[in-house]
Student: 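Just passing along the structure, written as structure tokens.
Sequence lines set the chain letters: A, B, ... in the order given, protein chains first and strands last, and positions in each chain run from 1. Just so it is clear, the values below take in all heavy atoms, side chains as well, and ignore hydrogens, waters and symmetry mates.
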There are 2 protein chains.
Amino acid sequence: MTGKQISSVWTRDARPARTPGRTREEIARATLELLDAEGLDGLSIRKLGAKLGAGATSIYWYVGNKDELLELAYDEIWGEITLPIPESLGWRDTVSAFAYSMRHVMLRHPWVGSLIGRLPALGPNAMAMSDRLRRTFRLAGFDGMDIDYANATLTAYVFGTVIPEIAWSTSMGGEELDMDAMRGTFEHVARDFPDLLERLVEINEKVTVSETDRLRAVSFDFGLVAVLDGLEARLRS
Amino acid sequence: MTGKQISSVWTRDARPARTPGRTREEIARATLELLDAEGLDGLSIRKLGAKLGAGATSIYWYVGNKDELLELAYDEIWGEITLPIPESLGWRDTVSAFAYSMRHVMLRHPWVGSLIGRLPALGPNAMAMSDRLRRTFRLAGFDGMDIDYANATLTAYVFGTVIPEIAWSTSMGGEELDMDAMRGTFEHVARDFPDLLERLVEINEKVTVSETDRLRAVSFDFGLVAVLDGLEARLRS
DNA sequence: ACCTGAACACCGTTCAAGT
DNA sequence: ACCTGAACACCGTTCAAGT
């Protein structure tokens with residue numbers, strides 16, 4: 001009587017690649033392209049089959065279900081993040097670069113925002129990144145479980161900042177926002193909180209789209225510095 | 001020629017409640033119950049209709065589409081978070097209590113993990129919480145935009161920690177995990193990273209489920225203290 | 001004002017059957 | 001070993017029609 005297993009694509013090796021068949025990489029890339037083009041709702045097994053020039057259900061030969069397919073695409077994301085060599089840059093600059101790169105990659109593939117809360121990150125690219133980040137924090141002077149805590153703190157900050165950013169911009173659905181309508185929305189939803197309303201309107205008013213981006217970048221940096229300062233304080237105690 | 005609008009339930013008032021009709025609150029509560037009982041995939045407009053003793057599509061009278069329905073349930077979550085009075089507790093203890101409460105509420109309603117990256121938080125409960133948090137940070141001594149940056153940093157940390165926690169535990173799908181299978185999974189996915197593997201196995205080995213919970217709580221606290229220390233450093237500079 | 005049922009255009013997944 | 005098509009049990013959403 002064995003208990004439950006973790007359900008993940010990565011618990012099994014890919015089926016051995018033979019000439020006529022597809023590979024996991026092909027499928028992962030095609031899935032990623034479909035997601036980038038049409039979003040999470042736009043991805044269906046049938047469309048993916050068509051894109052690969054195959055019958056609708058042939059994907060099930062390679063993958064147990066749709067979530068496993070998404071795991072494949074999710075791990076591609078981790079592969080796009082860059083991390084400098086910690087030995088030459090020092091830990092603060094290294095993890096800062098990681099944080100910026102991760103934010104950038106997430107914004108380029110906004111559908112990840114909906115996956116992070118649903119799928120475990122057990123793919124090879126995620127594992128490799130984990131390992132390198134741990135090495136960086138060890139080099140910084142963290143020890144034992146603190147390595148993992150520091151790692152978790154940094155990643156949490158990035159995820160937690162970017163995920164709502166994504167929700168916000170997809171709910172806008174594009175660039176050409178009607179500023180007046182937006183102001184109206186704020187005045188409606190924050191009508192009982194004059195203080196908050198003032199700030200919302202203020203932010204809304206002075207900004208073109210590119211200024212919003214800059215403001216978000218400033219906010220991201222503010223928090224990142226705070227997180228790194230906090231970690232550094234731990235290091236000294 | 002007006003531009004795009006934000007699409008959210010909260011941009012419109014609820015239709016005026018008359019005797020035979022339902023209210024947004026009823027619908028929000030029923031949706032929340034269905035989500036708690038069957039998860040995000042278990043919620044369908046038809047099931048919700050049945051639960052309310054109504055025709056399948058009557059919900060569309062109150063709500064534009066399924067995402068708007070989810071916004072209703074999402075805002076209920078914000079209403080469950082408790083925040084002490086900042087004036088009597090001091091800012092650090094106040095925002096700590098907020099962070100713990102938010103984590104707790106999210107773990108009780110794991111489906112929020114998939115919504116935060118998809119829906120804006122514009123509901124009355126979210127707004128009220130925003131306002132109170134801003135007040136707390138102002139009391140702490142933050143000023144101007146720094147109030148919002150500090151607020152964003154804290155919330156980001158909580159979201160970013162809990163969201164992957166949720167993904168992790170739902171991919172386990174329950175309590176009775178086969179430890180050996182889990183070890184096997186780790187040995188498989190982290191086979192190229194001996195260091196990381198060692199840590200994964202170590203964590204897996206020494207822990208019952210309740211110990212995992214304790215470990216997560218320790219990790220959460222480590223990061224939270226770091227974030228608060230980092231914010232406090234900003235305050236002094 | 002509020003609700004219904006039928007209908008449309010989709011889904012994910014299973015499975016027997018093909019090569 | 002790999003792929004197919006048909007079939008099943010669902011979806012979200014629209015809309016004319018009812019009261």
Student: Hey, would you say the A/Tyr157 and A/Phe220 ring centroids sit under 6.0 Å apart?
Tutor: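 Between A/Phe220 and A/Tyr157, which both carry aromatic rings, the centre distance is below 6.0 Å.
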Student: For a quick test of reading the model, state the closest non-hydrogen atom pair linking B/Met106 to B/Ile116 and the distance between them.
Tutor: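 That closest heavy-atom pairing would be CE-CD1, 3.6 Å.
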Student: Which residues pass the salt bridge (Lys or Arg N to Asp or Glu O under 4.0 Å) test with A/Arg135, not counting sequence neighbours?
Tutor: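 Counting only residues at least two positions away or on another chain, A/Arg135 forms a salt bridge (Lys or Arg N to Asp or Glu O under 4.0 Å) with A/Glu87.
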Student: We want to know whether B/His109 and B/Glu76 form a side-chain donor-acceptor pair, criterion being a heavy-atom distance below 3.5 angstrom.
Tutor: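 Per modelled atom types, B/His109 and B/Glu76 side chains form no pair under 3.5 Å.
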Student: Across the strands shown, which category fits A/Leu43 at heavy-atom distances under 4.0 angstrom: base, sugar-phosphate, nothing?
Tutor: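 Sugar-phosphate contact only.
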Student: With both distances kept under 3.5 Å, what pairs with D/dT13, Watson-Crick or G-U wobble?
Tutor: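 With both distances under 3.5 Å, D/dT13 matches C/dA7.
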Student: Could you tell me how far apart B/Leu48 (CG) and D/dG12 (C1') are, to the nearest whole angstrom?
Tutor: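 It is 13 Å, rounded to the nearest whole Å.
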Student: Which nucleotide wins on minimum distance to the side chain of A/Trp61, given the candidates D/dA1, D/dC11, C/dT13?
Tutor: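 Closest of the options to the side chain of A/Trp61: D/dA1.
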Student: Taking everything shown except B/Glu198 itself, do over 12 heavy atoms lie less than 6.0 Å from its CD?
Tutor: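 Not more than 12 within 6.0 Å, no.
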Student: So, B/Asp75 versus B/Trp10: side-chain donor-acceptor pair below 3.5 Å or not?
Tutor: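 There is no such pair (donor and acceptor under 3.5 Å, judged by atom type) between the side chains of B/Asp75 and B/Trp10.
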Student: Could you please name the option among D/dT13, C/dC3, D/dC2 that lies closest to any side-chain atom of B/Ile45?
Tutor: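 When the side chain of B/Ile45 is considered, D/dT13 is the closest of D/dT13, C/dC3, D/dC2.
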Student: Could you go over nucleotides 4-6 of chain D and give all protein N or O partners under 3.5 Å, atom names and distances?
Tutor:
residue	atom	partner	partner atom	Å
D/dT4	OP1	A/Gly55	N	3.4
D/dT4	OP2	A/Gly55	N	2.3
D/dG5	O6	A/Thr57	OG1	2.6

Student: How long is the span from the CG atom in B/Leu48 to the NZ atom in B/Lys66, to the nearest 0.5 Å?
Tutor: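 With rounding to 0.5 Å, CG (B/Leu48) is 10.0 Å from NZ (B/Lys66).
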Student: Roughly, in whole Å, what's the span from NZ in A/Lys66 to P in C/dG12?
Tutor: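 Nearest whole value for this atom pair: 4 Å.
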Student: Atom CZ of A/Arg46 to atom C1' of C/dA9: distance rounded to whole Å?
Tutor: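 Taking atom C1' of C/dA9 as the reference, CZ of A/Arg46 is at 11 Å.
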Student: In this structure, how many angstroms lie between the P atom of D/dC10 and the CG atom of B/Asp41, rounded?
Tutor: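 One finds 14 Å between P of D/dC10 and CG of B/Asp41, rounded.
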Student: Over how many whole Å does the gap from A/Leu40 atom CG to C/dG12 atom P extend?
Tutor: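 One finds 11 Å between P of C/dG12 and CG of A/Leu40, rounded.
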Student: What is the distance from CZ of A/Arg24 to P of D/dC2, rounded to the nearest Å?
Tutor: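 A/Arg24 atom CZ is separated from D/dC2 atom P by 13 Å.
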Student: Starting from P on D/dC11, measure out to CG on B/Leu69 and report it in whole angstrom.
Tutor: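 Computing the B/Leu69:CG to D/dC11:P distance gives 14 Å.
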Student: Of the options C/dT14, D/dT14, D/dC11, whose atoms approach the side-chain atoms of B/Tyr60 most closely?
Tutor: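 So the nucleotide nearest the side chain must be D/dT14.
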